[in-house]
2 protein chains.
Amino acid sequence: MRPLDPQMFDELCPSALTPIRIGDKWGALIVVCLADGPRRYSELRIPLARITPKVMTQSLRTLERLGLVARTVEGRQVTYELTVLGVSMLEPLRAICAWAEEHWDELVDATDPIRNEPAALGA
Amino acid sequence: MRPLDPQMFDELCPSALTPIRIGDKWGALIVVCLADGPRRYSELRIPLARITPKVMTQSLRTLERLGLVARTVEGRQVTYELTVLGVSMLEPLRAICAWAEEHWDELVDATDPIRNEPAALGA
DNA sequence: CAGGATCCCCTCCGATACTG
DNA sequence: CAGTATCGGAGGGGATCCTG
């Protein structure tokens, strides 16, 4: 299980900055950060340094309410991990992340007209 | 190319109501509605009757700016269709939709504690 | 360490009405 | 037919400070 570091943020899932969301703005990224196993609050804040603690807690609560993330308290340790449902979401989520990574530079602000040709679907 | 009808709304992609979004609230659904080929504005409004025209135009503009949808004007006809980039998104999107459909009733308001067991990932 | 409290802005999104 | 104009509420999300 590889440790979380700030670089992994962009590396793993550029879709964090894309308009693709789960739950709220940071939901998809949190799920991805939990993909390798349980993490503590402070551990999650390493790759997610740009979230304020309040917002990260909010996001975690949302994911919890959706049944995607489980929160465990042991003493003063708080651990977050994916539920079975959360894990089941990883596969389609990885597909979206892979897509986002592949088409990242195409997605941001479409000013290039050549890119915007129709696909001639169903023709 | 199968015609758009109001029922197709629920049938096609329950994720429309899930917290999974592309662009804005209606983005994912619009993309799915364009999956079978080009559609006119009024045609899109059939399955998307609950969107007000202003918001639908907004969503379409967003998808356009992202390079996912192309807008074509011929006379007084306006046609929307997926770009090549938009089509490339269909596969991962369908994966998410399939997941959402399968786990739909689990996702809405997690009050059942038994569901929220951790997955013991990375253990 | 893992948040909660408070403040506040700003965008999303809906309703209604109107138009070339 | 394919939108625009205008208004307005709700809440998402950030900054800052505080705490058991």
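Nothing here was measured: the structure is a model prediction, and the numbers come from that model. Below, chain A is the first sequence line, B the second, and so on; all start at residue 1.
- Contact of the A:L68 side chain with the A:M89 side chain is registered, since non-hydrogen atoms from C-beta on lie closer than 4.5 Å.
- Between A:V69 and A:E81 the shortest side-chain heavy-atom distance does not fall below 4.5 Å.
- The side chain of B:T52 places no N or O atom within less than 4.0 Å of a non-bridging phosphate oxygen (OP1 or OP2) of C:dA15.
- Between B:R76 and the phosphate of C:dT19, there is no side-chain N or O to OP1/OP2 separation shorter than 4.0 Å.
- Side chain of A:Y80, nearest nucleotide from D:dG3, C:dG3, D:dG13: C:dG3.
- Under 3.5 Å, the side chains of A:T79 and A:Y41 contain no donor-acceptor pair of N or O atoms.
- Distance CG (B:L44) to P (D:dA2): 10 Å, rounded to an integer number of Å.
- A side chain to side chain donor-acceptor pair (under 3.5 Å) with A:E43 holds for exactly one of A:R40, A:R45, A:R39; it is A:R39.
- Look at B:S42 and you'll find a side-chain N or O under 4.0 angstrom from OP1 or OP2 of D:dA2.
- Of the side-chain N and O atoms in B:R61, one or more sit less than 4.0 angstrom from OP1 or OP2 of D:dG3.
- Residue A:R40 has its side chain nearest to C:dC1 when only C:dG3, C:dC1, C:dA5 are considered.
- Regarding contacts with the backbone of C:dA2, every side-chain N or O of A:K54 stays at 4.0 angstrom or more from both OP1 and OP2.
- Relative to the side chain of B:V78, the nucleotides D:dA2, C:dG4, C:dC13 differ in distance, and D:dA2 lies closest.
- Distance CZ (A:R45) to C1' (C:dC1): 12 Å, rounded to an integer number of Å.
- The phosphate of D:dT4 (OP1 or OP2) has no side-chain N or O of B:Y41 nearer than 4.0 angstrom.
- Judged by closest nucleotide on DNA chain C, B:S59 is the one of B:P53 and B:S59 placed further toward the 5' end.
- Taking the screw axis at each terminus of the helix from C:dC1-D:dG20 to C:dG20-D:dC1 from five consecutive base pairs, the angle between the two is 60° to within rounding of 10 degrees.
- Atom C1' of nucleotide D:dA10 and atom CG of B:D24 are separated by 17 Å, given to the nearest angstrom.
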